[in-house]
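Structure record follows, encoded as structure tokens.
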Amino acid sequence: MSSLSRLLHRTFSTSPSKTPPQPNTMESLSAALYKERNLRTLVDKFKSSSDNPRFRTKTAIYDSTVRRLASAKKFRWVKEILEHQKQYHHDISKEGFTARLISLYGKSGMFEQAHKVFDEMPDLKCDRTVKSVNALLGACVNSKKFHKVDMLFRELQEKLGVKPDVISYNTVIKAFCAMGSFDSALSIVDEMEKKDVEPDLITFNTLLDGFYWKGRFVDGEKIWRKMEKSNVVPDIRSYNAKLVGLVSEKKMIEAVELVGELGSKGVEPDVQSYNALIRGYCKDGNLEEVKRWYGEWEKYDCAPDRATFATLIPFLCEKDELDWAFELCKGVITRRRLVDGAVLQVVIDALVKESKIEEAKKLAEMGKSNNYTRYKVKVPSQD
DNA sequence: GCTGACGGGG
């Protein structure tokens, strides 16, 4: 590791940083202040690091920093670090760099700012092609201004004379799917065909996701057949969308069969495939199958994630499998990403209800020492 | 990484 990468890793690593021990009183306030100071330091470090041209190519760091600031609702600081980038004239005049800023504003939900950067591009001596148009469309989607996307798409074509490519169309399709306007989404596919833009794997995956997730199984199947006819080879994301469809139709046998067949299609099931099955069996209240599938993780070298536990642990509490729930929590509590405070609280409440006070206290205590501060993790008083 | 588009869940 070079010293630059070491410094970057230390400063911008997303793994939770160790918080110093805190006094019991004013605990959450002090944690909040600590976090705030941390983020402010991050902003300053980011700005000074930006002077290094090599730093400015680190897209992952830009991404994770902006994400952290936005999720803490520090939008002014997002603006501060992104506006700061405009002084690097060499970079800002390159469309890719500016498109990245637009997209980062979008991921922070700051569509107005994204649009402003786009409007400033001529002043920044930066060309606007389909690339930055797509960045702006993507920013509109990521800021959840779905209803604006189609209009923006038409306007940009007209004003700039930019010819949309497959990415532009996919972004508009995504917006229509998010709004539940499936007919409009399909009409965009027709439009693509008329303009000789071939729908690709992402086009189909976006549609499959939209339909299967919204319980439109029959339409999902239609799209699947269209995908096959277009000689687009489905990947794991396509299959996972289909799994969600099968599960919501309560076709668990077919879902399991499909997972079994994946290998022969040259596709490996992933954590999302397993979560779909576990969710299905939890919804069915089928403890036996949930148990069986949980055991399959190791076999497929596919570790359970946050979503697995968010489904599994409350289900176990419902089914009075408290010992198992307790052990699972104990096992993952030191890895905060894997179980959040709300889930932990469900287990604590269930334990208290069954008068397993010692275990409840143990979990609350472990939660506290592992800095579960965002949700209150505590044993309710028994009266 | 020559920088823009699928990944949802309780």
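In what follows, every heavy atom counts, from backbone to side chain, and hydrogens, waters and symmetry copies are set aside. Keep in mind the model is a prediction, meaning the values are calculated, not measured. Every chain is numbered from 1 and lettered A, B, ... according to where its sequence line falls, protein lines coming before strand lines.
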So if I take every side-chain heavy atom of [X] and compare against [options], which nucleotide ends up nearest?
X        : options              : result
A:Thr59  : B:dG9, B:dG4, B:dG1  : B:dG1
A:Asn240 : B:dG4, B:dG8, B:dG10 : B:dG8
A:Ala310 : B:dG1, B:dC6, B:dG10 : B:dG10
A:Lys131 : B:dG9, B:dG4, B:dC6  : B:dG4
A:Lys94  : B:dA5, B:dG9, B:dT3  : B:dT3
A:Thr171 : B:dG1, B:dA5, B:dT3  : B:dA5
A:Val130 : B:dG4, B:dC6, B:dG10 : B:dG4
A:Asn205 : B:dC6, B:dG4, B:dG10 : B:dC6
A:Ala60  : B:dG4, B:dG1, B:dG8  : B:dG1

Distance check needed: [N] [atom2] versus [X] [atom1], whole Å only.
X        : N     : atom1 : atom2 : result
A:Gln85  : B:dT3 : CD    : P     : 17 Å
A:Met227 : B:dC6 : CE    : P     : 18 Å
A:Lys107 : B:dG4 : NZ    : P     : 7 Å
A:Phe55  : B:dG1 : CZ    : P     : 17 Å
A:Asp127 : B:dG4 : CG    : P     : 17 Å
A:Phe211 : B:dC6 : CZ    : C1'   : 15 Å
A:Leu104 : B:dA5 : CG    : P     : 10 Å
A:Tyr62  : B:dT3 : OH    : P     : 15 Å

Does A:Asn275 make a side-chain donor-acceptor contact with the base of B:dG8, cut-off 3.5 Å?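 No such pair is found, so the answer is no.
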
Below 6.0 angstrom between ring centroids: does that apply to A:Trp324 and A:Tyr294?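 Between A:Tyr294 and A:Trp324, which both carry aromatic rings, the centre distance is below 6.0 Å.
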
Establish, yes or no, whether a centroid distance under 6.0 Å links the rings of A:Phe55 and A:Tyr62.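 Centroid distance A:Phe55-A:Tyr62: below 6.0 Å, so yes.
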
Counting the atoms with a prime plus P, OP1 and OP2 as sugar-phosphate, which does [X] contact under 4.0 Å by heavy atoms, base, sugar-phosphate, or nothing?
X        : answer
A:Val166 : nothing
A:Val244 : nothing
A:Ile236 : base
A:Asn142 : nothing

How about NZ on A:Lys79, more than 12 heavy atoms from neighbouring residues, nucleotides or ligands closer than 6.0 Å, or not?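 Counting neighbours around NZ of A:Lys79, 12 or fewer heavy atoms of other residues, nucleotides or ligands fall under 6.0 Å, so no.
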
Could you tell me whether the side chain of A:Thr57 and the main chain of A:Pro53 form a donor-acceptor pair under 3.5 Å?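 Not a single qualifying donor-acceptor pair exists.
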
Hey, which of A:Thr311, A:Val343, A:Asp340, A:Val339 is the one that makes side chain to side chain contact (heavy atoms under 4.5 Å, CB included) with A:Arg306?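 Testing A:Arg306 for a side chain to side chain contact (heavy atoms under 4.5 Å, CB included) against A:Thr311, A:Val343, A:Asp340, A:Val339 leaves exactly one candidate, A:Asp340.
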
Side-chain donor-acceptor pair under 3.5 Å between A:Ser168 and A:Asp165, yes or no?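 There is such a pair (donor and acceptor under 3.5 Å, judged by atom type) between the side chains of A:Ser168 and A:Asp165.
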
